[in-house]
Amino acid sequence: VFGKDINLILVLNNLSSDRKSVRVDMSASTILYTRRAVAEILKAATSVELGPKQGKHIRVKIPYTHYGKYLTTDKRIQVTALCEVMRTNGLKLLVEKTIILEDTNIIIKLPRRVVVNKAVSLEISYANPLPEPVSRCVLLVTLMNQQVKINLARLAPRERSKIYFEFTPRRAGPLQLQVDFSCDKFSHVKGFVTIAVAPA
């Protein structure tokens, strides 16, 4: 989840009946959706001895403080592990994983029934998932081809807050509400719901 430390486990298994010595070079970078690297956030190397038919786990931790300021709006991190089996003429194995961090920041609560030409009040709750305060918070609410910009108070670390948004639907049928939350530490955290508007 965005704002938290990332914990990974690399599993190495020796399927042979001989002892193996493996060197593991690990790296992680924030990337764009095109897989283009933005910034390297982790570089580590270790060696592991594996007995016959033995497996071992290597734990890797990427703290939020290492990746937070380098993350793009795509919220993607590419982790690679190059495993080289020693004394085997350079036998190598490359393991790659792309992590897409989830947002749990926006929650939109609707009333049970929404009817044409009757005022509706929605609850929009938003959060700061980071271990540090954020300021210059803005919600951009898009509904019925109109955008409303709402300036919000700063949020303490891990704080959740909410606002109430009122509108009157003018026609029956599905209506999409989109919310975009930005602040000084991250931007474009989105949430959306489809509202079923009943005839009057």
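The minimum heavy-atom distance linking P157 with N128 is given by the pair CA-ND2, 3.7 Å. Between L177 and I108, the shortest heavy-atom contact is CD2-CG2, 3.8 Å.
Using a 30° and 60° split on the angle between ring planes, F186 and F181 fall in the perpendicular class, above 60°.
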Evaluate the side-chain contact (heavy atoms from CB on, under 4.5 Å) criterion for residues L139 and F165: first the C-alpha distance (whole Å), next the side-chain angles of each, then the deciding distance (0.1 Å), finally the verdict. CA-CA 11 Å; L139 267 185; F165 182 79; over 6 Å; no
Test log, rule side-chain contact (heavy atoms from CB on, under 4.5 Å), inputs Y126 and L152: CA-CA 10 Å; Y126 52 95; L152 307 165; 3.5 Å; yes
Take C83 and L12 through the side-chain contact (heavy atoms from CB on, under 4.5 Å) test and state the conclusion after the steps. CA-CA 9 Å; C83 307; L12 294 177; 3.9 Å; yes
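Atom CD of Q146 has 12 or fewer heavy atoms from other residues, nucleotides or ligands within 6.0 Å. Atom CZ of R35 sits in a sparse spot, with 12 or fewer heavy atoms from other residues, nucleotides or ligands closer than 6.0 Å. Around atom NZ of K56, more than 12 heavy atoms belonging to other residues, nucleotides or ligands sit under 6.0 Å away.
Clustering ILVMFWY residues whenever any of their side-chain heavy atoms sit less than 4.5 angstrom apart, transitively, puts V116 in the very cluster that holds L175. Side-chain heavy atoms closer than 4.5 Å link hydrophobic residues (I, L, V, M, F, W, Y) into clusters, and following such links, even through other members, never connects F192 to V148. Note on M26 and M86: separate hydrophobic clusters, where clusters join Ile, Leu, Val, Met, Phe, Trp and Tyr whose side-chain heavy atoms are under 4.5 Å apart, directly or indirectly. Linking Ile, Leu, Val, Met, Phe, Trp and Tyr residues whenever their side-chain heavy atoms come within less than 4.5 Å places I62 and I58 in a single cluster. When the side chains of ILVMFWY residues are joined at heavy-atom separations under 4.5 Å, either directly or via intervening members, I195 and M144 end up in a single hydrophobic cluster.
Looking only at side-chain heavy atoms (C-beta outward), V60 and V79 stay at 4.5 Å or farther from each other. Using a 4.5 Å heavy-atom threshold, the side chains of N117 and R170 count as touching. You'll find the side chain of I150 reaches within 4.5 Å of the side chain of V141, heavy atoms only. Under the 4.5 Å side-chain criterion, counting only non-hydrogen atoms from C-beta, L122 is in contact with F167. I99 has its side chain out of reach of Y67: every pair of non-hydrogen atoms, C-beta onward, lies at least 4.5 Å apart. You'll find the side chain of S21 reaches within 4.5 Å of the side chain of E49, heavy atoms only. Two residues are said to be in side-chain contact when any heavy atoms from C-beta on lie closer than 4.5 Å; I41 and L71 fail this criterion. Contact of the I106 side chain with the K190 side chain is not registered, since no non-hydrogen atoms from C-beta on lie closer than 4.5 Å.
Checked by atom type and distance alone, the side chain of D184 pairs as donor or acceptor with a backbone atom of S135 at under 3.5 Å. Although no hydrogens or angles enter the test, the distance criterion places no donor-acceptor pair under 3.5 Å between the side chain of S29 and the main chain of A37.
Grouping Ile, Leu, Val, Met, Phe, Trp and Tyr by side-chain contacts under 4.5 Å, direct or through others, leaves V138 on its own. Residue V38 shares its hydrophobic cluster (ILVMFWY side chains chained together at separations under 4.5 Å) with L32.
In summary, the side chains of S125 and R160 do present a donor paired with an acceptor at a separation below 3.5 Å, with no hydrogens or angles considered.
Annotation: the span from K162 atom NZ to I107 atom CD1 amounts to 10.0 Å, rounded to 0.5 Å. Summarising the geometry, atom CZ belonging to R59 is positioned 14.0 Å from atom OG1 belonging to T46; distances are rounded to the nearest 0.5 Å.
Partner of Y64 under the side-chain hydrogen bond (donor to acceptor under 3.5 Å, both in side chains) criterion, chosen from E132, K69, K4: E132.
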